[in-house]
Amino acid sequence: QVQLVESGGGLLQAGGSLRLSCAASGRIFDTIAMAWFRQAPGKEREFVAAMAAFGSSTSYLDSVKGRFTISRDDAKNTVFLQMNNLKPEDTAVYYCAARLSSSLWTDRNAGAYAYWGQGTQVTVSS
């Protein structure tokens, strides 16, 4: 079992920055990738960014490339999402997720991830 706890969300104006954190605990050594997803009211969960648990391979939603950066601190078992130049369209609940097995699914598929955090709210005003 893997437990994930997000933090760092908040309310800010467009153009501002936030850094989200996801602290992992439990059986984390079987994890092969970590990711961030988001969900706005009335919309489906959307892929934001993913990173291999070992190495530096990353992928991003096109609309956040150049603005968001996913990273990790292995010593603290924590994954981060640095969000710069935030826009109102970024408003959503942000979730971190852990992938435990390899499959034909890409890291962009929510179904590839076995464990999820409770989410943290990010609200960006104009």
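- Side-chain atoms of T91 and E89 include no donor-acceptor pair closer than 3.5 Å.
- Between T78 atom OG1 and M34 atom CE the span is 9.0 Å, to the nearest 0.5 Å.
- For residues 56-113, the ring pair (Phe, Tyr, Trp, His ring centres under 6.0 Å) pairs, not counting sequence neighbours, are F37-Y113.
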Using a 3.5 Å cut-off and no angle test, enumerate the donor-acceptor pairs between side-chain atoms of residues 12-20 and protein atoms at least two apart in sequence or in another chain.
from, atom 1, to, atom 2, distance (Å)
S17, OG, N84, OD1, 3.0

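- Nearest heavy atom pair, residue A24 against residue I28, reads CB-CG2, 4.0 Å.
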Ignoring hydrogens and angles, write down the donor-acceptor pairs under 3.5 Å from the side chains of residues 45-58, residues two or more places apart or on other chains.
from, atom 1, to, atom 2, distance (Å)
E46, OE1, R38, NE, 2.9
E46, OE1, R38, NH2, 3.4

Please table the atom pairs, donor to acceptor, closer than 3.5 Å between any side-chain atom in residues 3-10 and protein atoms at least two apart or in another chain.
from, atom 1, to, atom 2, distance (Å)
Q3, OE1, S25, OG, 3.3
E6, OE1, Q118, N, 2.9
E6, OE1, G119, N, 2.8
E6, OE2, C96, N, 2.8
E6, OE2, G119, N, 3.3

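- A35 approaches I70 most closely through the heavy-atom pair CA-CD1, 4.4 Å.
- Take K65 and apply the side chain to side chain donor-acceptor pair (under 3.5 Å) test, not counting sequence neighbours, and it matches D62.
- At distances below 3.5 Å, not a single donor-acceptor pair connects side-chain atoms of N109 with backbone N or O atoms of G111.
- Using a 4.5 Å heavy-atom cutoff, the side chains of Y115 and T31 are not in contact.
- Taking the side chain to side chain contact (heavy atoms under 4.5 Å, CB included) definition, one finds that R67 meets it with V64, N85, K87, D90, sequence neighbours left out.
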